[in-house]
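Every value quoted in this text rests on a predicted model; they were computed, and no experiment measured them.
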Amino acid sequence: MILIAFVFTAFMVSKEMTKNQRDDEDENLTIDFRPITNDIPFGNTDSIFEIRPVENKQKEDFYKDADFVNKECKNLDDFIINDNINAFDLRKLADLNGIDLQISEAWYPLVIELIKKLYDNGWDKRVDCIKSKYASLEFYSPCKSQSHLYEIIRDYGFISQTVCETCGENGEIRNYSGWDYVDCRKHYLENRGKITTESEGFYYRDFFYPWAAIRDRSFIDLDFNNRYRILVMEFDKKMVQNEDAMYGKLYIQKRAIGFGNLLNYLSKNFYRSKNSYVTKFENVEFCEICGYKAVYFGECECCEYDTRENYLKRWKDEENNEEENREYIKSRQMSWIKDEGEIYESKQKNYIKNPNYKVLFDDDELKRWYSDQ
């Protein structure tokens, strides 16, 4: 009994110490969150920054005035599948099967290709579900018990992982708040959002938030690298009223362009404890992978890859030698090119380019790498 009591007491003390440490890291600064100097203008506290919500449009009648093959079709047996079917036919097929299409319209052409191929191989037009799951097309049908049809469905699932769910162009699997999806570089950058820091406040997703309106901030959602995924900013609700900052709180994902620079500004211009999480963002370095000055806390904000050093901290069994280190950087440099990262960043100029940046591959290596993907 004495031993049990001792273990329980030790556990509770450890738990309380961990809580106190996390509280210090979260650093909720309700009392002391204010500028270090008086150089930051507070402006007029009576100002209100308002975002007016856009009213939802009425749901369209997808079949009215539409021209498609199966417009008059009433039952599944009479449904026609040929080279002329379009998105309205696909919707009609879903209706006749009693299901909803749980995919974006950008994937409609891909699914139309799939059902044509399935039909040519003996499919009976019956389907239980068409949806996107883990950034892949899922097509549930009784026909999956037939191996040749299952292989067709599987292959189109793989193809879907390279098709942007926004526009249908070439894309890559992305992740947002634990949700996997496929986006091209253009739409991925739009979804990331951008933060622009200025003397009187900052812009996020084209809306302005004055420093004077900030009342508190904290971090939530710690990842496996001990990085917080989300910054929570609390504002004076009289000064900031918009649909992004519901109830006076704004949730900013760390993947936002300019996130590191925002934390850098907060660390240098607002009071914080000595070991505050934001102090980890006071120093920014050039990235060996993409070449841009965007490395904060072991991760590049621009290309979103870990530095080799930070990678080895997580994967301790990996070999740490010059050859492996070079291969790590080179392979990710090629991925950066394949994903059109350099094309878009060179146009947008969100970060400073290292004049001494070194590319570790040549054209022949890049071609071979592409063919292996």
> Which residues pass the side-chain contact (heavy atoms from CB on, under 4.5 Å) test with Glu345, sequence neighbours left out?
Replying inline: Tyr292, Cys302, Trp336, Asn350, Tyr351
> Looking at residues at least two apart in the chain, or sitting in another chain, which of them share a side-chain contact (heavy atoms from CB on, under 4.5 Å) with Lys293?
Replying inline: Val284, Phe286, Ile352
>> My understanding is that only residues two or more places apart in sequence, or in another chain, count here; which of them pass salt bridge (Lys or Arg N to Asp or Glu O under 4.0 Å) with Glu288?
In response: none
> How far apart are the C-alpha atoms of Phe158 and Arg154, what are their side-chain angles, what is the distance that settles it, and do they pass the side chain to side chain contact (heavy atoms under 4.5 Å, CB included) test?
Replying inline: CA-CA 7 Å; Phe158 290 140; Arg154 180 199 60 194; 3.7 Å; yes
> Does a salt bridge link Glu301 with Lys254, judged by any charged N lying under 4.0 Å from a carboxylate O?
Replying inline: no
> Within the side chain of Lys131, is there an N or O that forms a donor-acceptor pair under 3.5 Å with the backbone of Glu138?
Replying inline: no
> When the ring centroid of Trp211 is compared with that of Phe235, is the distance short of 6.0 Å?
Replying inline: no
> Phe297 vs Tyr277 aromatic rings, parallel, tilted or perpendicular, using cut-offs 30° and 60°?
Replying inline: perpendicular
> Tyr181 vs Tyr188 aromatic rings, parallel, tilted or perpendicular, using cut-offs 30° and 60°?
Replying inline: tilted
> Between Tyr204 and Tyr209, is a ring-ring contact (aromatic ring centres under 6.0 Å, His included) present by the stated rule, with each step listed?
Replying inline: CA-CA 8 Å; Tyr204 177 58; Tyr209 299 88; 7.1 Å; no
>> If you apply the rule side chain to side chain contact (heavy atoms under 4.5 Å, CB included), what do you find for Cys303 with Cys287, and how did you get there?
In response: CA-CA 9 Å; Cys303 66; Cys287 177; 3.8 Å; yes
> Using the ring of each side chain (for Trp, its six-membered ring), is Tyr328 parallel, tilted or perpendicular to Tyr311, with breaks at 30° and 60°?
Replying inline: tilted
>> Holding to salt bridge (Lys or Arg N to Asp or Glu O under 4.0 Å), I want the full list of residues that pass it with Arg229, two or more places apart in sequence or in another chain.
In response: Asp221
> If you draw a 6.0 Å radius around OH in Tyr134, do more than 12 non-hydrogen atoms from other residues or ligands fall strictly inside?
Replying inline: no
>> Strictly below 4.0 Å, N to O, side chains only: are Arg227 and Asp306 in salt-bridge contact?
In response: yes
>> Can you pull out every side-chain hydrogen bond (donor to acceptor under 3.5 Å, both in side chains) where at least one residue sits in residues 107-118? Sequence neighbours excluded, please.
In response: Arg91-Tyr108
>> Other residues, nucleotides and ligands only: do more than 12 of their heavy atoms fall within 6.0 Å of CG on Asp372?
In response: yes
> With sequence neighbours excluded, what pairs up with Asp78 under the side-chain contact (heavy atoms from CB on, under 4.5 Å) test?
Replying inline: Cys73, Asn75
>> Using the salt bridge (Lys or Arg N to Asp or Glu O under 4.0 Å) criterion, which residues pair with Arg308? Sequence neighbours excluded.
In response: none
>> Considering only residues two or more places apart or on different chains, which pairs with a residue in residues 184-193 satisfy salt bridge (charged side-chain N to carboxylate O under 4.0 Å, His left out)?
In response: Arg185-Asp339, Lys186-Glu190, Arg192-Glu304
> Could Arg174 and Asp183 be called an ion pair, given the rule that one side-chain N must be under 4.0 Å from one carboxylate O?
Replying inline: no
> Can the ring centres of Trp123 and Phe139 be said to be less than 6.0 Å apart?
Replying inline: yes
> Can Ile220 and Tyr251 be said to form a side chain to side chain contact (heavy atoms under 4.5 Å, CB included), step by step?
Replying inline: CA-CA 10 Å; Ile220 59 175; Tyr251 295 82; 4.1 Å; yes
> Would the number of heavy atoms belonging to other residues, nucleotides or ligands and lying under 6.0 Å from CG of Asp120 be above 12?
Replying inline: yes
> Cluster question for you: counting only ILVMFWY and a side-chain heavy-atom cut-off of under 4.5 Å, with indirect links fine, are Ile329 and Met334 together?
Replying inline: no
> Around atom CG of Asn82, are there more than 12 heavy atoms of other residues, nucleotides or ligands at under 6.0 Å?
Replying inline: yes
> Donor-acceptor pair, Ser136 side chain versus Gln161 backbone, under 3.5 Å?
Replying inline: no
> So Tyr63 and Phe68, side chain to side chain contact (heavy atoms under 4.5 Å, CB included) or not? Walk me through it.
Replying inline: CA-CA 9 Å; Tyr63 300 130; Phe68 60 107; 3.4 Å; yes
> Taking only residues two or more places apart in sequence, or in another chain, which ones meet Asp128 in a side-chain hydrogen bond (donor to acceptor under 3.5 Å, both in side chains)?
Replying inline: none
>> Is the distance from the ring center of Phe79 to that of Tyr119 below 6.0 Å?
In response: no
> Asn170: what forms a side-chain hydrogen bond (donor to acceptor under 3.5 Å, both in side chains) with it, not counting sequence neighbours?
Replying inline: none
>> Within 45 degrees of the ring normal and closer than 6.0 Å to the centroid, is that where the cationic atom of Lys71 sits relative to Phe88?
In response: no
> For Asn321, which residues count as a side-chain contact (heavy atoms from CB on, under 4.5 Å) partner, sequence neighbours excluded?
Replying inline: Glu319, Glu323, Glu324
> Is it true that the NZ or CZ of Arg314 lies under 6.0 Å from the centre of Phe224's six-membered ring and within 45 degrees of the ring axis?
Replying inline: yes
>> If the condition is salt bridge (Lys or Arg N to Asp or Glu O under 4.0 Å), which residues does Glu342 pass it with, not counting sequence neighbours?
In response: Lys353
